[in-house]
Visitor: 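Before I ask anything, let me first share the structure, which is written out below as structure tokens.
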Amino acid sequence: MKNESKNSKGMDEKLLKPYEPKETEDKIYEIWEKGGFFRPEINQSRTNNPNKGKTFTVVIPPPNVTGSLHMGHALNATIQDILVRQKRMQGYKTLWLPGTDHAGIATQNVVEKKLKKEGLSRHDLGKEKFIERVWEWKKEYGNIILGQLKKLGASCDWSRTKFTMDEDYAKAVKAAFLHYYKKGWIYQGDRVVNWCVRCQTSLSDLELEYEEEKGKLWHIKYPIKDSKKFITVATTRPETMLGDSAVAVNPKDERYKKLIGKTVILPIANREIPIVADRAIEMEFGTGAVKTTPAHDMLDFEIGQKNNLPVHKIINQFGKMTTEAGSEYEGLSAKDARGKIIIELEKLSLLEKTENYDHRVSKCYRCGKVIEPQISKQWFLKMDELAKKAKEAVKKGEVSFCPKRWEKVYFNWMDNIKDWCVSRQIWWGHKIPLEGVDDVLDTWFSSALWPFATLGWPEEESSDLKEFYPTQVISTARDIINLWVARMIFSSYEFMKQKPFTDIIIHPTILTKDGKRMSKSLGTGIDPMNLIEKYGADATRFGLIYQMMGGQDIHFSEDAIMAGKKFANKLWNIARFVSGQSEGLKPETKKSKQDEEIIKKLDDIINSVNKDMEEYKFGQALHTIYDFVWHDFADEYIEYAKKNQTDKTKEILCESLKKILTILHPFMPFITEEIWSVLPKKNNKFQHLSRLKLKPKMSELLITKEWLKQ
RNA sequence: GGGCGCGUAGCUCAGCCGGUUAGAGCGCUACAUUGACAUUGUAGAGGUCAGAGGUUCGAGUCCUCUCGCGCCCACCA
């Protein structure tokens, strides 16, 4: 940059012996950010650009404001950064739009926990004060994760950072809801929903977690009216029998065929209930006869509707028995009620047998409490029309999953789609914009609008929306394919009349070395910030991508990050050698066999890397660069060039290094930029590698003639 | 009950459309080295490519089955 001092060997003193990422990364990031290199208005300033006028847009999957960067984020951010940096260099007007999600339940829980330490509950504060506290919390901690992304080198346009509760974003949410409402697709209904008694809200099926639990299967005899016979039902939740409205059997079941239509005396409650037929009943399970509790089970609710059964809500929103459960039980917890029921049944000799039975229990994904399914009034969005279009989009290939196999997960969900329960009973979120309704919307309702609401929708005149929509790529984790990706797709077709993005990259899941899930609570997680601290951001990015092969899950090994650090050092020393060697060169104009070979090899690997990048095979691409740089360029050619110090080898060394830096830059942006900054350049237009513009194929560098020759 | 992925060196993984002595990183062994780099170089040890059968002139590579591991979906009460 400035007049560098040279030592006696002609080597830049700037290039210290070992590479120290700490000394360069923050400094370089500041240069990029201050220079506005990540802003599309600035990053496409060249005139002779073959991709002029073309945009490339990626919106980041907005991390929850509660979160801090985990390995999955780090991998995903690196993937996106590689993509946008490459496209930027290729001359696309490139926008990577960052932001955060208000994450209704998650954030509310975090703030509630904090209040608890002060001995307060949210009810002590009241709704308004509580929401104020959440905003305060968001102000203080909500952007931590964005700062961490910067440390990783993410080249987002921070001037366009969005939050799903921003004022303009709230307008978009409101507009979207009212649009559906006017269309008649929003309705209120009584449904059995997954109810979390702790969070006091309904949850969608996708917001549940399942846990295998050792339980029991109780076989209970229900007396048949005007007979001495019984019909035995099997249940894991005997306490719900107080709310039974029927016994259901499969119409094909020979054992029970004759009983269909008969009446049963429900024990304890002493109610008369019918035996009904339903094809959904599995004959093989339990006794093949199922007690039907419409208020507390989804399937039972449906059977109830088909058969016009009364609904007895016997458990309330706090998980306590209601008046309808009978005076003996009112006020008891469901668990206590169960114990009491069992004793009672034993007294009545109606308990036929008890089996051990392991089954999956659904739990709240945020607080882990057992879900209490119960009937409640909720708002729903009709899904049939929306799902149809979204399905077609993927079928027709307008939108594609990469790797393709993930589309199965999507289709499977779309084929079995149910109306979306969009109301939640928490306080932190977008209010449902209807008179007298104080529920809020499911967080994912707002996330579903992310690709266009961040660009200015519903303002028709938004220039960003016109210029940067639709986006090209979304990159995300598999577990939100349906929760988020599917919903963005149908939202976009509904509101924008077009696809939200073309390619959906589903990145690998990062597991521990022995294939276990990384989780904070299990203590198996690794904090990427520690890796950056220890090895540098470039090395961390390298290590993550280096392990990303074949679209499979990554059994994370820190060795790969270490290899990244070593590789950075290797590159650093290659640069020291290339920039240092300048005196006592023999004149030579002809290329030797070795010269020809290395030039060809480099051009070959650049083509191969470009091809892999187009197919999002980032791991393969990085392996190719690594192998070439270390083994072909350093081990072979540099050793050759040491023995043949000529004008020619010097020239080839310089040209090759510049090409290497260019192709490696999206992967390891800091060190490549740093080395670039100290290489002699004729024209200061090419001061920063991040602003370099290339032809689509990197092997044909736009400005080869101008800058390759020194 | 459906669906998906994986089983190749001690560990983490490459090996594309099937083709000569199966590769890398880390680890291990021996040697080298004050002029790019010990965060290095050279050489080396280490694999019946989960198992069985099949297709083929020829199979980690394609087909079938078996075993083992992991994940996802579904209203088995």
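It should be emphasised that the depicted structure is a prediction, and the values quoted were computed from it without experimental measurement. Just so it is clear: chains get the letters A, B, ... in the order the sequence lines come, proteins before strands, and each one is counted from 1. Values reported hereafter were calculated over all heavy atoms of this structure, with side chains retained and with hydrogens, waters and symmetry mates removed.
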Visitor: Between protein and nucleotides 18-21 of chain B, what N or O pairs are separated by less than 3.5 Å?
Guide:
none

Visitor: Identify which nucleotide among B/G41, B/U39, B/A36 has an atom closest to any side-chain atom of A/Lys642, counting heavy atoms from C-beta outward.
Guide: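 The answer is B/A36.
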Visitor: Who are the ring-ring contact (aromatic ring centres under 6.0 Å, His included) partners of A/Phe556, not counting sequence neighbours?
Guide: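 ring-ring contact (aromatic ring centres under 6.0 Å, His included) list for A/Phe556, sorted by chain: empty.
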Visitor: Taking the side chain of A/Asp559 as heavy atoms from C-beta outward, which of B/C26, B/C37, B/C13 is closest to it?
Guide: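 Taking heavy atoms from C-beta onward, the closest nucleotide is B/C26.
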Visitor: Just checking, is any N or O donor in the side chain of A/Tyr637 or A/Asp595 under 3.5 Å from an acceptor N or O on the other one?
Guide: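 The answer is yes; a qualifying pair exists.
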Visitor: Select one nucleotide: of B/G41, B/G25, B/A36, the one nearest the side-chain heavy atoms of A/Trp630.
Guide: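 Nearest nucleotide to the side chain: B/G41.
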Visitor: Do the side-chain N and O atoms of A/Glu636 and A/His631 include a donor-acceptor pair separated by under 3.5 angstrom?
Guide: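 Side-chain D/A pair, A/Glu636 to A/His631: absent.
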Visitor: Can you tell whether the side chains of A/Glu239 and A/Arg237 come within less than 4.0 Å, N to carboxylate O?
Guide: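 Yes, A/Glu239 and A/Arg237 are salt-bridged.
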Visitor: To the side chain of A/Val290, which of B/A77, B/C75, B/C37 is closest?
Guide: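 Given the options B/A77, B/C75, B/C37, the side chain of A/Val290 is closest to B/A77.
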Visitor: Could you check whether A/Val409 gets within reach of a base, just the sugar-phosphate, or nothing at all, counting any heavy atom under 4.0 Å?
Guide: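 Nothing, no nucleic acid heavy atom in range.
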Visitor: Name every residue in residues 279-286 of chain A that has at least one heavy atom under 4.0 Å from any atom of RNA chain B, in order of residue number, or write none if there are no such residues.
Guide: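 Within residues 279-286 of chain A, the residues near RNA chain B are A/Ile281, A/Glu282, A/Phe285.
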Visitor: Is there a residue in residues 531-546 of chain A whose heavy atoms reach under 4.0 Å of RNA chain B, and which residues are they?
Guide: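 A/Tyr546 - these, ordered by number, are the residues of the stretch whose heavy atoms sit under 4.0 Å from the strand.
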Visitor: Tell me whether the OP1 or OP2 atom of B/C13 has a side-chain N or O from A/His555 closer than 4.0 Å.
Guide: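 Answer is yes, contact under 4.0 Å.
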Visitor: Between A/Glu674 and A/Thr24, does any side-chain donor sit less than 3.5 Å from a side-chain acceptor?
Guide: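 Looking only at side-chain atoms, A/Thr24 and A/Glu674 do not form any donor-acceptor pair under 3.5 Å.
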Visitor: Which pairs with one or both residues in residues 276-299 of chain A pass ring-ring contact (aromatic ring centres under 6.0 Å, His included), sequence neighbours excluded?
Guide: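 The answer is A/Phe285-A/Tyr357.
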Visitor: Name all residues meeting the ring-ring contact (aromatic ring centres under 6.0 Å, His included) criterion together with A/Phe411; count only those two or more places apart in sequence or in a different chain, and write none if there are none.
Guide: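 With neighbours one apart ignored, the set is empty.
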Visitor: Would one find a side-chain N or O of A/Tyr357 under 4.0 angstrom from OP1 or OP2 of B/C76?
Guide: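 So the side chain of A/Tyr357 is outside the cut-off, no N or O lying under 4.0 Å from OP1 or OP2 of B/C76.
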Visitor: Which pairs pass side-chain hydrogen bond (donor to acceptor under 3.5 Å, both in side chains) with one or both residues in residues 553-566 of chain A, sequence neighbours excluded?
Guide: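 Every side-chain hydrogen bond (donor to acceptor under 3.5 Å, both in side chains) pair that includes a residue of residues 553-566 of chain A, provided the two are not neighbours, is A/Arg478-A/Asp553, A/Lys534-A/Glu558, A/Tyr535-A/Glu558.
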Visitor: Check the distance between B/C72's C1' and A/Glu407's CD and give it to me in whole angstrom.
Guide: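 Atom-to-atom, A/Glu407 to B/C72, this comes out as 16 Å.
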Visitor: Please report, rounded to the nearest Å, how far the C1' atom of B/G7 is from the CG atom of A/Leu511.
Guide: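 A/Leu511 atom CG is separated from B/G7 atom C1' by 15 Å.
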Visitor: Strictly below 4.0 Å, N to O, side chains only: are A/Glu614 and A/Lys611 in salt-bridge contact?
Guide: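 Looking at A/Lys611 together with A/Glu614, the answer is no, because their closest N to O distance does not fall below 4.0 Å.
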Visitor: Kindly indicate whether a cation-pi arrangement holds for A/Arg191 with A/Phe380, taking the cut-offs as under 6.0 Å to the six-membered ring centre and within 45° of the axis.
Guide: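 Because its charged atom sits under 6.0 Å from the ring centre and within 45° of the axis, A/Arg191 does stack over A/Phe380.
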Visitor: Tell me the salt bridge (charged side-chain N to carboxylate O under 4.0 Å, His left out) pairs involving residues 284-300 of chain A, sequence neighbours left out?
Guide: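 Matches after skipping sequence neighbours: A/Asp244-A/Lys291.
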Visitor: Find every protein N or O atom lying less than 3.5 Å from an N or O atom of nucleotides 2-6 of chain B, and list the pairs.
Guide:
residue, atom, partner, partner atom, Å
B/C4, OP1, A/Lys408, NZ, 3.2

Visitor: A/Lys566 has a side chain; which of B/U40, B/A36, B/C37 sits nearest to it?
Guide: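 Out of B/U40, B/A36, B/C37, the nucleotide with an atom closest to A/Lys566's side chain is B/U40.
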Visitor: If you only use heavy atoms from C-beta on, which nucleotide in B/A24, B/A36, B/C26 is closest to the side chain of A/His631?
Guide: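 For the A/His631 side chain, the nearest candidate turns out to be B/A24.
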Visitor: Does the side chain of A/Lys570 get closer than 4.0 angstrom to OP1 or OP2 of B/G41 through an N or O atom?
Guide: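 The answer is yes; a side-chain N or O of A/Lys570 sits under 4.0 Å from OP1 or OP2.
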Visitor: What residues form a ring-ring contact (aromatic ring centres under 6.0 Å, His included) with A/Tyr616, not counting sequence neighbours?
Guide: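 If we apply the ring-ring contact (aromatic ring centres under 6.0 Å, His included) test to A/Tyr616, skipping adjacent residues, there are no hits.
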Visitor: Within this structure, what is the CZ-to-C1' distance between A/Phe411 and B/A74, rounded to whole angstrom?
Guide: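 About 19 Å, once rounded to whole Å.
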Visitor: Which residues satisfy the side-chain contact (heavy atoms from CB on, under 4.5 Å) test with A/Ser608, sequence neighbours excluded?
Guide: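 A/Asp612, A/Thr624.
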Visitor: Which nucleotide in the set B/G41, B/A14, B/U12 lies at the smallest distance from any side-chain heavy atom of A/Gln547?
Guide: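 Side chain of A/Gln547 sits closest to B/U12.
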Visitor: Which nucleotide wins on minimum distance to the side chain of A/Lys418, given the candidates B/C75, B/A36, B/G15?
Guide: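 Of the candidates, B/C75 comes closest.
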Visitor: Only counting residues at least two apart or in another chain, list the ones meeting ring-ring contact (aromatic ring centres under 6.0 Å, His included) with A/His73.
Guide: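 A/His73: ring-ring contact (aromatic ring centres under 6.0 Å, His included) contacts with A/His70.
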